[in-house]
Amino acid sequence: MNNTSNGRPATSSQSAWSQYWRRGHLHSCPGAFQGNYEDSIREFWHSTFTEIDEHGRVLDIGTGNGAIARLALDFAASRSFNWQIEGIDAADIQSAETPINSGQCALILRGNQSSEHLDHADNSVNLVTSQYAIEYTRVDLSLAQVARVLVPGGIAAFIVHHTDANIVAVSRNELAFFDYFYQQLNLFGDSRALIQHFDKSGLISNPSLIASDPSAKEIMQRIQRQLSSITDFSHTHPDCGFARDIGTQFATTLNAIPRAGRANTEHVLQVLEQEMAAHSARIQANIDAAHDEQAISKLIQTAAQSGLENLSHSPLHRSSGELLGWALRFRRAV
């Protein structure tokens, strides 16, 4: 696994999201919402869906495992509409090879599909949606494709990350933890050194001898100091629960060495290392994709150049006041 200049393992954003969606998450904020999206996000999408008549075709870009596409399906089915809904994602998502039917509506999910190169016919879609997704793409190319596939008068609606949103602030804290972890600590190296020493010296099969082994004690003391520093980091960064989780995972894994053995413990560490690299890639992409007012103005200008008229744009807040992102609607010129 390659390292970046800041010491963090490098992995592609697309690969990271593919791993994430394969775990079955319905949306990209599993700690923020239960099940599908609620509150003002649901209200935004429901008000957008009312723009489409009973025989609409909907395309959801960056669908993940289909959260917004499923909202559209539920909305249309509850009104006995005949909508054809498709969700696409550049990642290797859990695609539905057969349509998900509800009433007269059908939903299909497809992975490995780029929004910059849609394979849909011109003038074939009534509504294009995207939530926390289109901003990760080459926006100029994606918007040109959106304008091409929309019918004249068709609607495009997006929710994109806001630089001041809480989820972006949390991502910055988590990225700071990753920088600290890879630049200041050597937990993976020391953990593997401990496993090898246990195995070589026979301590795995005789854990009662660990306390009398000076080399084992030295490595364990180094590891304990690092775990304590992770705890300290989490106390000074209360939004970074991820740091506490990592510390707990290491402690649990290493405590289980005598029972699990070398091969199983090394496998657990390998999986943890891969998971951390993937999560680091996701949150870095999240931060990079967040939009301030200047970036939103540029997005609107790019949309206009593609033939998409701006209908509305504003920050989107939960009913509690928490900033969630930017909400935008466009109409393809007639």
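All values reported here derive from a predicted model rather than from experimental measurement.
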Given the ring of F330, does R332 sit roughly above its face, with NZ or CZ under 6.0 Å from the centre of the six-membered ring and within 45° of the axis?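 Judged by the rule (NZ or CZ under 6.0 Å from the ring centre, within 45° of its axis), R332 is not positioned above F330.
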For E293, does the CD atom sit with more than 12 other heavy atoms under 6.0 Å from it, leaving out its own atoms?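 No, CD of E293 has 12 or fewer neighbouring heavy atoms, counting only those of other groups under 6.0 Å.
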Counting only heavy atoms not in H267, do more than 12 fall under 6.0 Å of its NE2?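 Result for NE2/H267: open.
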Show your reasoning for whether ring pair (Phe, Tyr, Trp, His ring centres under 6.0 Å) applies to F242 and H279. CA-CA 10 Å; F242 183 72; H279 189 62; 4.5 Å; yes
Any idea which heavy atoms bring L118 and Q145 closest together, and the distance?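 Where L118 meets Q145 most closely, the heavy atoms are N-OE1, 3.0 Å.
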Correct closest heavy-atom pair for S40 and H317 would be OG-O, 2.6 Å
F233 vs F181, ring pair (Phe, Tyr, Trp, His ring centres under 6.0 Å): CA-CA, chis, key distance, verdict: CA-CA 10 Å; F233 184 96; F181 182 93; over 10 Å; no
Are the side chains of R172 and I287 in touch, meaning some heavy atoms are under 4.5 Å apart?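 Result yes, sub-4.5 Å side-chain heavy-atom pair found.
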Could you pull out all residues at least two apart from E266 that satisfy salt bridge (Lys or Arg N to Asp or Glu O under 4.0 Å)?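 Testing E266 for salt bridge (Lys or Arg N to Asp or Glu O under 4.0 Å), a comparison that skips the adjacent residues, returns R262.
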With under 30° as parallel and over 60° as perpendicular, where do the rings of F49 and W45 fit, or are they tilted in between? parallel
Name the orientation class of the two ring planes belonging to F188 and Y182 (parallel below 30°, tilted from 30 to 60°, perpendicular beyond 60°). parallel
Please check if any side-chain donor atom of D39 sits under 3.5 Å from a side-chain acceptor atom of S319, or the reverse.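 D39 vs S319: donor-acceptor pair found between side chains.
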Once side chain to side chain contact (heavy atoms under 4.5 Å, CB included) is applied, do any residues pair with L141, and if so which ones, sequence neighbours excluded? E116, R138
